[in-house]
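The figures here come from the full heavy-atom set of this structure, side chains too, leaving out hydrogens, waters and symmetry mates.
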Amino acid sequence: MSHDVPNTPSGPASPVFGTPCTAVIALGANAGHRLASLQAAVDALGDTPGLEVTALSPVCESAPRPPGAPAPYLHAIAVVRTALLPAALVERGRAVEEAFHHDGIGTRPGQQEIGVDLVSYDGRVRAEPGPALPHPAAHRSARVLVPWYCLDPAALLPGHGPVGELLAAQGSAGVVPRRDLYLSLPD
C-alpha cells in the first residue's frame with residue numbers, strides 16, 4: 001500500500017518553522033490494514049522536513065467506535081522533535097490523513113483509516129490563535145492517555161496535570177496494550 005504524502009504544509013504563507021521543541025501526536029486507525037496504516041503515518045511524519053519521530057508508544061486497541069463500527073481501533077502516541085510550528089504540524093497531520101482517504105477507505109460512517117492529532121506542543125496552553133493546545137479532548141480520552149502512559153508514566157498534559165492521574169480519574173475505557181503489535185521508528 002503506497003500513500004504519497006506531500007512534505008510541505010499548504011495554505012496561505014505564514015511562518016512554518018520555529019525553535020525545535022517536543023510535541024506529542026496521537027494516531028488512530030480502525031479501517032483497512034490498521035497496523036500498516038499506523039506505521040505508514042509514522043513513516044510519513046518521519047519524512048517531514050523539520051520533524052524527527054523520537055519515541056513511539058506500544059500499540060493499544062479499543063472497542064469499535066461508534067458502536068456497530070466494523071473494526072476495533074488501534075491507537076499509538078508518537079513523540080516528535082520538531083521545528084514546525086503548531087499550525088504547520090496540524091496541517092502535516094491533515095495531509096497524512098488525506099493521503100489515506102484518496103484510496104476510498106474511510107468513507108463509511110465510523111471508519112477512519114488513519115487519524116493524526118496534535119495532542120501537546122512544547123508545554124504550551126492556549127486556545128487562540130492557531131490550534132488549541134493541548135488538544136481539547138486529550139485529558140478525557142483513554143485512547144490518548146493509555147498509550148501515552150504506557151510510553152511515559154511521568155508524562156504531563158499541559159494545563160491538566162500528570163497523564164497517570166488523568167488516566168486514573170478517567171479509567172482505561174477498554175483501551176488495552178497489544179503486546180503482539182508494534183511500530184518502528186522511521187529509518
Chemist: Can you tell me how far the CG atom of Asp117 sits from the CD1 atom of Ile25, to the nearest 0.5 Å?
Modeler: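 If I round to the nearest 0.5 Å, the distance is 9.5 Å.
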Chemist: Please report the closest heavy-atom contact between Tyr182 and Leu35, naming both atoms and the distance.
Modeler: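 So the minimum-distance heavy-atom pair works out to O-CD1, 3.9 Å.
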Chemist: In terms of heavy-atom contacts, does CG of Asp187 have more than 12 from other residues, nucleotides or ligands at under 6.0 Å?
Modeler: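 For Asp187, atom CG is not crowded (no more than 12 foreign heavy atoms under 6.0 Å).
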Chemist: Looking only at heavy atoms, which two atoms of Ala142 and Ser172 are closest? And how far apart?
Modeler: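 Closest approach of Ala142 to Ser172, heavy atoms only: CB-O, 3.2 Å.
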Chemist: How far apart are the C-alpha atoms of Arg143 and Ser62, what are their side-chain angles, what is the distance that settles it, and do they pass the side chain to side chain donor-acceptor pair (under 3.5 Å) test?
Modeler: CA-CA 7 Å; Arg143 297 178 314 270; Ser62 66; 5.5 Å; no
Chemist: Rounded to the nearest 0.5 Å, what separates atom CG in Leu183 from atom CG in Leu27?
Modeler: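 Reported value, rounded in 0.5 Å steps: 7.5 Å.
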Chemist: Can you get from Val42 to Leu185 by hopping between Ile, Leu, Val, Met, Phe, Trp and Tyr side chains that sit under 4.5 Å apart?
Modeler: yes
Chemist: Quick check: do Arg126 and Pro131 have side-chain heavy atoms less than 4.5 Å from each other?
Modeler: yes
Chemist: My understanding is that only residues two or more places apart in sequence, or in another chain, count here; which of them pass salt bridge (charged side-chain N to carboxylate O under 4.0 Å, His left out) with Arg81?
Modeler: none
Chemist: Roughly how far apart are Arg34 CZ and His75 NE2, rounded to 0.5 Å?
Modeler: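 Taking CZ in Arg34 and NE2 in His75, the distance rounds to 9.5 Å.
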Chemist: According to a hydrophobic-cluster definition based on side-chain heavy atoms being under 4.5 Å apart (Ile, Leu, Val, Met, Phe, Trp, Tyr only), do Phe17 and Leu133 belong together?
Modeler: yes
Chemist: Write down the atom of Ile114, the atom of Ser37, and the distance for their closest heavy-atom approach.
Modeler: CD1-O, 3.6 Å
Chemist: Donor-acceptor pair, Gln170 side chain versus Ser141 backbone, under 3.5 Å?
Modeler: no
Chemist: Does a side-chain heavy-atom distance below 4.5 Å link Val59 with Pro177?
Modeler: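 No - every pair of side-chain heavy atoms lies 4.5 Å or more apart.
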Chemist: Could you state the interatomic distance from SG (Cys60) to CG (Leu74), rounded to the nearest 0.5 Å?
Modeler: 9.0 Å
Chemist: Are Arg94 and Glu91 within salt-bridge range, i.e. N to O under 4.0 Å?
Modeler: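 A salt bridge is present here (some side-chain N lies under 4.0 Å from a carboxylate O).
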Chemist: If every non-hydrogen atom of Pro147 is compared with every non-hydrogen atom of Ser57, which pair is closest and at what distance?
Modeler: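 Heavy atoms of Pro147 and Ser57 come nearest at O-CB, 3.2 Å.
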Chemist: Do Arg124 and Pro158 touch side chain to side chain, with heavy atoms closer than 4.5 Å?
Modeler: no
Chemist: CG of Leu38 to CG of Leu181: how many Å apart, nearest 0.5 Å?
Modeler: 9.0 Å
Chemist: Please name the pair of heavy atoms, one in Phe100 and one in Ala41, separated by the smallest distance, quoted to 0.1 Å.
Modeler: CZ-N, 4.3 Å
Chemist: Is there a side-chain contact between Pro86 and Leu118, using heavy atoms and a 4.5 Å cut-off?
Modeler: yes
Chemist: Specify the closest pair of heavy atoms between Ala23 and Thr82, including all atoms of both residues, with the distance to one decimal.
Modeler: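 Minimum heavy-atom separation between Ala23 and Thr82: CB-CG2, 4.4 Å.
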Chemist: In the hydrophobic clustering that connects Ile, Leu, Val, Met, Phe, Trp and Tyr at side-chain heavy-atom distances below 4.5 Å, which members other than Val79 occupy its cluster, ordered by chain and number?
Modeler: Val24, Ile77, Val119, Val144, Leu145, Val146, Trp148, Tyr149, Leu151, Leu157, Val163, Leu166, Leu167, Val175
Chemist: Measuring from atom CZ of Arg140 to atom NE2 of His135, what distance do you get when rounded to the nearest 0.5 angstrom?
Modeler: 9.0 Å
Chemist: Please determine whether residues Val16 and Val90 belong to a single hydrophobic cluster, defined as Ile, Leu, Val, Met, Phe, Trp and Tyr linked transitively by side-chain heavy-atom distances below 4.5 Å.
Modeler: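 Looking at the clustering, Val90 is in the same group as Val16.
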